[in-house]
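First comes the structure, then the notes that go with it.
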Amino acid sequence: MMAIIGMFFQDGLTGSAWGDWANYTASPLRAFENELGVQAPLGFFDPFGMTKDGDMEAFKRRRSTELKNGRVAMLATMGYIVPEYFRFPGYCSPSEGVKFADIPNGLAAISKVPAAGWTQWFLFLGLIEKGLYTFDPTRAPGDYKNAGVLGVPNGSTMTPGEGRNRKLNSELANGRLAMMAIIGMFFQDGLTGSAWGDWSNYTDSPLRAFENELGVQAPVGYFDPMGMSKDGDLKTFRRRRESELKNGRVAMFATIGYMVPEYFKFPGYLAPSSNLKFADVPNGIAAITKVPAEGWLQWVALCGCYEFCVNTPVDPADPGNYGKGKFGYGNMVLGITAEPMQDPEGRKRALNSELANGRLAMMAILGLWVQDGLFGTPYGLYTGSSAFETELGVQPPVGFWDPLGFTKTDDAASFRRRRYVELKHGRVAMFACLGYIVPEYYRWPGDLSPSLGLKFSDVPTGFAAFSKVPLSGWAQMVAFAGTVELFQYVDDPKRPPGDFENAGFLGIPNSFVKINDPEVKQKKLAAELANGRLAMMAIIGMFFQNGLTGEAWGDWSLYTDSPLRAFEGELGVQAPVGFWDPLGLSADGDVDTFKRRRAAELKHGRICMLACVGYIVPEYFRWPGYLSPEKGIKFADMPHGIAAISKVPLEGWVQIVLFLGHYEGYFWRQDPKRAPGDYEGYGFLGAGKNFIFNFDPIEFKDPEVRKTKLAAEIANGRLAMVALMAMLFQNGTVGTTGPAMWLPAA
């Protein structure tokens with residue numbers, strides 16, 4: 001419904017449901033689309049149509065207000081952050097005996113600042129508003145006669161031109177971001193008592209009513225960003241949960257329906273009267289035009305029959321339960337009855353898995369539709385082009401990477417500005433990474449601040465240095481960086497981004513070392529971009545490590561508050577990574593959930609080890625005789641790798657599924673009292689009673705030997721999972737399992 005309304009709207013404005021905005025020449029918004037603040041990827045964004053009347057005076061007033069709010073928000077955001085690391089010494093109010101150190105951060109400060117302080121603020125702001133920075137209709141919004149760069153009263157001004165526009169655009173963008181940020185801080189502060197507050201402190205949340213429901217899984221927990229369940233209405237929650245389950249189940253079928261026809265289609269006719277075979281129906285969206293009207297009617301009738309007659313709810317308190325048992329196969333066409341799952345824990349785990357898989361399938365089917373609609377196939381590749389595909393920084397294996405479409409307008413000026421910013425950030429990040437590493441091995445001798453008696457060797461590495469460097473030191477750093485930014489390295493629109501007239505090799509000011517060979521220069525510039533990108537990722541990792549453990553090379557043992565401590569003595573925790581859970585899936589410390597994931601990891605690892613062997617062995621040996629005597633298919637006739645999927649007959653797949661299901665559901669059943677992956681009666685290599693040869697299991701009596709072998713199994717399984725993905729990818733890319741797969745140069 002939303003989509004069709006949007007199509008009607010787009011079609012009416014531009015003449016096409018996929019109409020280009022440029023076709024809507026009658027739009028009153030055209031009057032403002034070249035104004036400051038119109039930036040990719042949104043362009044001119046006015047969803048409420050506040051500028052549709054084309055009133056320039058009203059636009060200027062709103063822009064002036066936006067700038068003011070953005071500037072205040074930027075200061076407010078800094079005011080939330082800075083007091084976490086630095087506070088002025090002395091008194092905020094000597095008469096009241098209130099020190100700056102006594103004032104809490106955030107909303108709690110409102111009650112601490114005395115009335116005289118609030119009066120001073122209002123007077124100061126009123127003086128600025130009405131006296132110093134007065135609005136002049138002849139000047140651009142937010143441009144005050146007495147204000148210079150950074151709003152310094154009577155300071156130097158920027159020369160009109162591209163550089164000025166870029167900085168003003170940046171101010172607008174930063175102000176918008178700051179307005180969102182400060183609202184988020186207020187919200188977080190109000191709910192939890194701190195701008196960085198822990199969600200667990202918000203005990204009055206109506207969402208608490210549902211946070212123990214099915215589908216609440218790590219790392220997100222209870223996720224309801226739109227607050228649809230904030231009224232605590234249990235009946236509405238259950239209705240939505242039932243809808244989610246239905247949509248998820250349909251999406252799982254639909255996703256399978258996209259994949260299976262790539263390898264198998266039913267023989268015979270879909271519509272004998274129309275002479276339409278199953279093999280004639282294309283895969284994906286194109287199939288919609290091939291299926292006859294009678295086929296669609298049959299589908300609608302079948303789905304409606306299940307919706308209104310077959311799948312009737314059993315218990316209102318159990319959404320999605322229609323009394324059909326495991327996999328929902330009970331009471332179908334043949335009238336089969338199905339037993340419900342008896343184990344409460346097993347049932348809960350299976351239902352959680354269904355929800356998670358359904359959510360994943362809904363995302364997957366949307367992705368397949370978008371991919372199919374754009375490229376004509378759900379596995380389509382991007383064959384278009386971009387004006388920037390040959391620019392520096394376009395490197396394999398990703399190529400030109402712009403998933404958010406920032407460059408889709410092919411605006412060279414915007415691309416140049418972003419590249420300029422990327423280079424700056426990368427260069428700063430490279431210095432920052434060095435600044436984390438070098439002090440571990442070398443520090444300057446002497447005093448950092450002679451007046452304070454502070455030596456360089458007294459300043460710790462990382463975040464802890466913030467509190468040690470005196471205020472005058474920060475002022476010097478800001479002044480130095482500002483001088484370099486504004487005077488030494490000045491951007492010249494005629495030169496490539498980041499190429500400054502006064503900077504030579506490695507950015508050395510006025511350096512005599514220049515790179516004259518164009519090929520060498522391009523290679524070094526591409527390397528700088530790649531290293532800068534790596535450094536930006538690295539410094540974020542260092543910050544994160546520093547914040548958790550107290551140092552950038554922090555020992556994990558220092559992070560004593562981590563809930564992951566509950567599992568760091570488990571099998572699979574091996575050097576050099578240790579206990580590795582970057583998504584925090586085990587952050588809740590739930591032992592049962594950890595065991596279930598470990599059992600799943602072991603199963604996947606074991607299957608992948610067999611699959612890797614299955615890729616390698618047929619290169620040297622194949623069974624003699626027939627795979628399917630009835631169809632005359634010999635083992636020797638079977639291609640290797642992915643191509644084998646289309647050769648195995650349907651009966652063979654049924655046998656494989658039944659064999660695996662028999663082992664999964666009967667032989668290798670997990671006992672909650674035993675370790676994950678440890679099945680009663682099965683020993684070394686999974687051999688034992690009820691196995692094909694039915695002999696006694698081989699078990700390791702020595703605990704150390706057993707632990708070593710189990711740890712090796714996990715490590716080998718992990719390696720096999722990665723290896724198999726690479727084999728499948730390689731096989732799918734080069735189309736063979738022969739020498740071209742293993743040795744691409746062959």
Side-chain angles (χ1 to χ4, degrees), residues 217-219 341 343 345-354 356-357 360 564 566-616 656-692 696-728:
Q217 301 176 25
M341 300 176 67
D343 179 10
E345 282 302 313
R347 184 174 185 273
K348 183 179 179 181
R349 187 170 64 244
L351 292 174
N352 263 322
S353 297
E354 181 190 32
N357 293 338
L360 178 62
L564 309 182
F567 309 115
E568 62 179 7
E570 294 286 338
L571 280 169
V573 180
Q574 300 175 24
V577 174
F579 185 78
W580 197 68
D581 180 16
L583 293 178
L585 293 170
S586 55
D588 55 5
D590 187 334
V591 175
D592 290 334
T593 304
F594 176 83
K595 285 184 175 179
R596 177 176 61 79
R597 291 196 180 104
R598 171 52 51 82
E601 179 187 28
L602 281 164
K603 281 184 184 177
H604 292 162
R606 289 164 180 172
I607 289 172
C608 288
M609 286 189 277
L610 290 173
C612 288
V613 172
Y615 249 110
I616 298 168
I656 294 171
V657 171
L658 288 175
F659 177 78
L660 294 176
H662 191 55
Y663 267 87
E664 173 80 9
Y666 183 73
F667 286 152
W668 289 343
R669 287 182 292 185
Q670 185 66 53
D671 183 350
K673 299 175 184 176
R674 302 174 72 93
D678 180 16
Y679 306 111
E680 186 176 5
Y682 296 89
F684 184 53
L685 297 179
K689 292 292 184 182
N690 295 322
F691 195 72
I692 296 173
D696 290 330
I698 303 171
E699 296 183 342
F700 297 102
K701 304 299 182 184
D702 186 338
E704 283 302 314
V705 173
R706 187 171 183 274
K707 184 177 179 180
T708 301
K709 291 194 176 291
L710 290 173
E713 180 191 31
I714 289 178
N716 292 339
R718 291 167 178 169
L719 178 62
M721 286 188 273
V722 175
L724 184 63
M725 290 298 293
M727 289 177 177
L728 292 171

On a heavy-atom basis, the closest approach of C608 and M721 is SG-CG, 3.5 Å
Which residues pass the side-chain contact (heavy atoms from CB on, under 4.5 Å) test with A711, sequence neighbours left out?
L571, Q574
For E601, salt bridge (charged side-chain N to carboxylate O under 4.0 Å, His left out) partners two or more places apart:
R598, R718
Tell me, please, which residues at least two apart from H662 pass ring-ring contact (aromatic ring centres under 6.0 Å, His included).
Y666, F667
Give, for atom NZ of K595 and atom OG1 of T593, the distance between the pair rounded to the nearest 0.5 Å.
11.5 Å
I656: partners by side-chain contact (heavy atoms from CB on, under 4.5 Å), with sequence neighbours left out:
W653, L660
Gap between atom CG of D702 and atom NZ of K709 - 0.5 Å precision
10.5 Å
Using the test side-chain contact (heavy atoms from CB on, under 4.5 Å), find all partners of A611 that sit at least two apart in sequence or belong to another chain.
L724
According to side chain to side chain donor-acceptor pair (under 3.5 Å), who are the partners of T708, at least two apart in sequence or on a separate chain?
none
Smallest separation among heavy atoms of G605 and A720, with atom names
O-CB, 4.3 Å
